[in-house]
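This report concerns only the one structure given below.
Computed from a prediction, not measured in an experiment: that's the story for all the values here.
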Amino acid sequence: MHSIENQIVDSSFSAIINAPIEYIDIPTWCFGLPEKEYQGCSPAHIAAGSTTAPDGRRMSINVETIGGSLMVQHYIETLGDKDHLILDSDSDVFTPTGRTTIHVTWELSVKKLDETRCEFTNRVRSYATAEMLAFLDRQGIPFDIFRTQRQPMSIAHNKGETPLFAASIERATLRSISSTKAA
């Protein structure tokens, strides 16, 4: 597992979803997210799609730029409950000085507030891989300095996308409720 010593960021933000919890399905939203909808959740979002991992688990592919580095994330589903989704990715990071990897755990969850509202939480944890530590070492960049510089960009990105993800999940949920009632 990834150690706390190699942790770069642990960022969590929440927003309200105006929909009943029993209709919310985060994995269905995530793995069916249209690219334009993903792009609308952050100016840093470039592309999104879904596929399967070699072992058959669902995978979300996200391409975005954080802190000036292009990232290609290969999020594999490790927990897929309707109200709680955990994805893990050994993501490719393209920096001005070369390519490396970073491990990212993306956790999305909802908890019921009342009959018509939920609290959505978007938590992102990232860890330096052995490859990244060697990459930084070859450039003479101390890990603590890298972490200190990376944290504000990652946190700002998560803070900006969280309410937009919540709104997207809300729209998907309300469409699902409408089509269920129309059937």
Side-chain angles (χ1 to χ4, degrees), residues 1-2 4 7-64 66 71-92 102-127 154-183:
M1 204 62 206
H2 301 281
I4 198 75
Q7 188 171 67
I8 299 166
V9 72
D10 184 348
S11 167
S12 184
F13 291 95
S14 297
I16 301 301
I17 294 176
N18 294 298
I21 196 166
E22 57 269 15
Y23 291 100
I24 293 174
D25 187 335
I26 296 172
T28 297
W29 168 80
C30 179
F31 296 110
L33 187 63
E35 187 170 71
K36 282 286 183 206
E37 187 83 6
Y38 174 75
Q39 290 168 342
C41 291
S42 172
H45 291 176
I46 298 166
S50 61
T51 186
T52 54
D55 65 6
R57 289 182 292 168
R58 293 187 286 187
M59 179 190 293
S60 174
I61 304 288
N62 296 351
V63 180
E64 61 187 347
I66 298 179
M71 295 185 67
V72 179
Q73 298 159 330
H74 316 270
Y75 284 119
I76 298 172
E77 180 179 30
T78 55
L79 176 74
D81 297 336
K82 286 177 69 169
D83 64 346
H84 194 186
L85 177 64
I86 299 177
L87 304 156
D88 277 292
S89 172
D90 285 324
S91 301
D92 297 302
I102 187 172
H103 184 85
V104 183
T105 299
W106 184 24
E107 183 175 4
L108 304 101
S109 61
V110 289
K111 68 179 184 187
K112 182 177 181 173
L113 294 175
D114 58 36
E115 296 308 310
T116 61
R117 294 179 315 129
C118 301
E119 181 181 59
F120 167 72
T121 300
N122 183 26
R123 182 178 185 195
V124 177
R125 287 168 284 168
S126 64
Y127 303 86
S154 296
I155 292 167
H157 178 80
N158 188 9
K159 185 178 182 181
E161 73 185 0
T162 296
L164 299 173
F165 279 154
S168 177
I169 294 167
E170 180 179 308
R171 285 190 299 275
T173 302
L174 296 177
R175 279 193 304 273
S176 173
I177 293 170
S178 292
S179 65
T180 303
K181 289 182 177 176

How long is the span from the [atom1] atom in [X] to the [atom2] atom in [Y], to the nearest 0.5 Å?
X	Y	atom1	atom2	answer
Cys118	Ile21	SG	CD1	4.5 Å
Met71	Ser91	CE	OG	4.5 Å
Ile102	Ile8	CD1	CD1	3.5 Å
Leu33	Gln39	CG	CD	10.0 Å
Cys41	Glu161	SG	CD	7.5 Å
Ser42	Ile66	OG	CD1	8.0 Å

Do [X] and [Y] have side chains that get closer than 4.5 Å, going by heavy atoms?
X	Y	value
Thr52	Met59	no
Ser126	Asp10	no
Val63	Gln73	no
Val104	Tyr75	yes
Ile61	Thr51	yes

Which pair of non-hydrogen atoms, one from [X] and one from [Y], has the smallest distance, and what is that distance?
X	Y	answer
Leu87	Cys30	CD1-SG, 4.0 Å
Asn18	Arg117	OD1-CG, 3.4 Å
Ser14	Thr121	OG-OG1, 2.8 Å

Practice problem: Under the side-chain contact (heavy atoms from CB on, under 4.5 Å) rule, collect the residues that match up with Ile177, sequence neighbours excluded. | Solution: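 Testing Ile177 for side-chain contact (heavy atoms from CB on, under 4.5 Å), a comparison that skips the adjacent residues, returns Pro20, Tyr23, Thr173, Leu174, Lys181.
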Looking only at atom types and distance, does a side-chain atom of [X] sit under 3.5 Å from a main-chain N or O of [Y], one as donor and one as acceptor?
X	Y	value
Ser179	Ser176	yes
Ser60	Ser50	no
Asn158	Asn122	yes
Ser109	His84	no
Glu107	Arg123	no

Which residue pairs satisfy the salt bridge (Lys or Arg N to Asp or Glu O under 4.0 Å) criterion with at least one member in [range], sequence neighbours excluded?
range	answer
residues 15-29	none
residues 42-58	Asp55-Arg57, Arg58-Glu77
residues 36-54	Glu37-Arg171

Quiz prompt | Lys111 and Asp83 ion-paired at < 4.0 Å | solution =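 Asp83 and Lys111: not salt-bridged.
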Quiz item: Does Tyr127 have any ring pair (Phe, Tyr, Trp, His ring centres under 6.0 Å) partners at least two apart in sequence or in another chain, and if so, which?
Solution: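 Result, ring pair (Phe, Tyr, Trp, His ring centres under 6.0 Å) vs Tyr127: His2.
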Exercise. Sort and list the pairs that fulfil ring pair (Phe, Tyr, Trp, His ring centres under 6.0 Å) and have at least one residue in residues 157-180, not counting sequence neighbours.
Key: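 Found Trp29-Phe165, His45-His157, His45-Phe165, Trp106-Phe165.
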Quiz prompt | Worked verdict on Asp88 versus Ile76 for side chain to side chain contact (heavy atoms under 4.5 Å, CB included) | solution = CA-CA 5 Å; Asp88 277 292; Ile76 298 172; 5.6 Å; no
Quiz item: Of the options Leu108, Leu79, Val110, Thr78, which is the one that meets Leu85 in a side-chain contact (heavy atoms from CB on, under 4.5 Å)?
Solution: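 In the set Leu108, Leu79, Val110, Thr78, the residue that makes a side-chain contact (heavy atoms from CB on, under 4.5 Å) with Leu85 is Leu108.
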Quiz item: Is it true that the side chains of His74 and Asn62 contain a donor and an acceptor less than 3.5 Å apart?
Solution: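 Per modelled atom types, His74 and Asn62 side chains form no pair under 3.5 Å.
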